[in-house]
Amino acid sequence: MADHNHFRGINLVRFGANLNIMLDRKDYEGISVLDQYNFSIDMYHSITNIKKSRALTGNWNW
């Protein structure tokens, strides 16, 4: 729970159609466990918001 730590942290990856396609990747190291959790939740929400906006507009091009 320390603000700064020496533990490895977490690595989040969003995959595409298969495991060979990585659409997004984030590394969270050297920060508190709570910050890692909050950043992970923020990343999840940004992905779901992108999917919702694409579904509404029909724009699937990156």
Side-chain angles (χ1 to χ4, degrees):
M1 294 288 198
D3 290 339
H4 302 283
N5 63 52
H6 301 288
F7 294 109
R8 183 177 172 135
I10 59 173
N11 183 0
L12 296 176
V13 178
R14 181 171 62 109
F15 293 101
N18 58 45
L19 294 178
N20 294 326
I21 301 172
M22 291 181 11
L23 299 175
D24 195 13
R25 182 177 179 202
K26 301 281 183 180
D27 290 324
Y28 300 113
E29 297 180 2
I31 57 176
S32 74
V33 174
L34 295 176
D35 285 338
Q36 291 176 28
Y37 173 77
N38 287 330
F39 290 141
S40 302
I41 296 298
D42 290 342
M43 181 178 167
Y44 172 78
H45 284 299
S46 67
I47 291 168
T48 55
N49 288 338
I50 290 171
K51 287 182 180 179
K52 287 179 185 176
S53 67
R54 286 191 188 147
L56 293 176
T57 63
N59 183 7
W60 294 97
N61 296 326
W62 288 88

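In this text, all values refer to a predicted model and were calculated from it rather than measured experimentally.
- Atoms CD1 and CD, from I10 and Q36 in turn, are 5.0 Å apart once rounded to the nearest 0.5 Å.
- Identified under the ring-ring contact (aromatic ring centres under 6.0 Å, His included) test for residues 14-37, with sequence neighbours left out: Y28-F39.
- Residues forming a side-chain contact (heavy atoms from CB on, under 4.5 Å) with N18 (at least two apart in sequence, or on another chain): N20, I21.
- Applying the side-chain hydrogen bond (donor to acceptor under 3.5 Å, both in side chains) criterion to N11, with sequence neighbours excluded, gives R25, D27.
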